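I have placed the structure first, in the form of structure tokens, so that the comments after it can refer back to it.
Note that the coordinates shown come from a computational prediction; the quantities given were computed from them, not determined experimentally.
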Amino acid sequence: MLYKIAHIVKDRLPFIWDAIEKVNEWLFVLRYGKKVKNIVVICVPEGYELVALKDVETTRIVKFFEHQPEEAYTFFKPHGFDEKSIKKLQKNKSYLAYLLIDKTNGLIAGYCFNRCFFQGKGFRGRMVDIDYRGKGLGTAMNKILNEVGFGLGLRLFESVSKDNVASYRSALSASNVKVVKELSNNELYLEIVKP
């Protein structure tokens, strides 16, 4: 129910959603700010560099999203992908997002995030660049998100469509998961269980 209400507010009342986001960010920083500064991620795949979203030029990130085929957004719509939306995310201290950069050519190979909430929950998501699919990067990014989220002491969740086979398999192979609820449109609301 709360999941549906959040999406209604986000889609139909963006000014209220923005205010909620600001309050959440402020409370999250109060509760987790010191822990966030001390996060060290060690499970980055070989040949890639993990860079915080805030540390990458906005136009470069927008180009990454523009490079993806239209079907990549069938199941992935966590936020806007335009410059204004990305800049907003880069400033949000409760939105812990990262890019996997290919060390050989400097290209963005993947994007992942934990959207964190002050009450101790995080919602994870990821996208692998069309040219890097099939290399295990989705699974690697899930492990990164788990390391960050569990390192902060968060309970992690995500929703995944059973029709999005690659994402569904990635979620299962990188994590212990518990199905919290079956949602409409063949989606599962999962809790990522700490090993």
Backbone of Ala52 reached by a side-chain donor or acceptor of Gln90 within 3.5 Å: no

Treat each ILVMFWY residue as a node, draw an edge where side-chain heavy atoms are under 4.5 Å apart, and state whether Ile39 and Tyr95 are in one component. no

Checking salt bridge (charged side-chain N to carboxylate O under 4.0 Å, His left out) between Glu191 and each of Lys178, Lys181, Arg124, which is the one that passes? Lys178

Assess the residue pair Tyr73 and Phe65 against the criterion (side-chain contact (heavy atoms from CB on, under 4.5 Å)); give the C-alpha distance rounded to whole Å, side-chain angles, the decisive distance to 0.1 Å, and a yes or no. CA-CA 10 Å; Tyr73 299 99; Phe65 288 120; 3.3 Å; yes

Quick check on side-chain contact (heavy atoms from CB on, under 4.5 Å): which of Val36, Val29, Asn114, Asn24 does Ser94 satisfy it with? Asn24

Restricting to ring pair (Phe, Tyr, Trp, His ring centres under 6.0 Å), what partner residues turn up for Tyr98, sequence neighbours left out? none

Decide whether Ser85 and Asp82 meet the rule of one side-chain donor and one side-chain acceptor closer than 3.5 Å. yes

Taking atom types as modelled, find out whether Asn92 and Arg115 have a side-chain donor-acceptor pair closer than 3.5 angstrom. no

Does Lys87 reach the side chain of Glu83, with side-chain heavy atoms less than 4.5 Å apart? yes

Are Val44 and Glu49 close enough that some pair of their side-chain heavy atoms sits under 4.5 Å apart? no

Can you confirm whether Cys116 sits close enough to Leu154 that some side-chain heavy atom of one is under 4.5 Å from a side-chain heavy atom of the other? yes

Distance check, rounded to the nearest 0.5 Å: Asn142 atom CG versus Glu158 atom CD? 6.0 Å

Is there a side-chain contact between Met141 and Val128, using heavy atoms and a 4.5 Å cut-off? yes

Do Tyr111 and His79 make the cut of ring centroids closer than 6.0 angstrom? yes

Looking at side-chain heavy atoms only, is the closest gap between Phe76 and Phe81 below 4.5 Å? yes

Student check: side-chain heavy atoms of Leu145 and Ile192 closer than 4.5 Å: no

Any side-chain heavy atom of Met127 within less than 4.5 Å of one from Gln68? yes

Heavy-atom count check: over 12 atoms from other residues, nucleotides or ligands less than 6.0 Å from Leu30 CG? yes

Determine, using ring centers only, whether Phe117 and Phe28 are less than 6.0 Å apart. no

In the structure I gave you, are the side-chain heavy atoms of Leu107 and Ile101 within less than 4.5 Å of one another anywhere? no

Tyr48 ring centre to Lys103 NZ or CZ under 6.0 Å, with the angle to the axis within 45°? no

Are Val180 and Val193 linked, directly or through intermediate hydrophobic residues, by side-chain heavy-atom contacts shorter than 4.5 Å (ILVMFWY only)? no

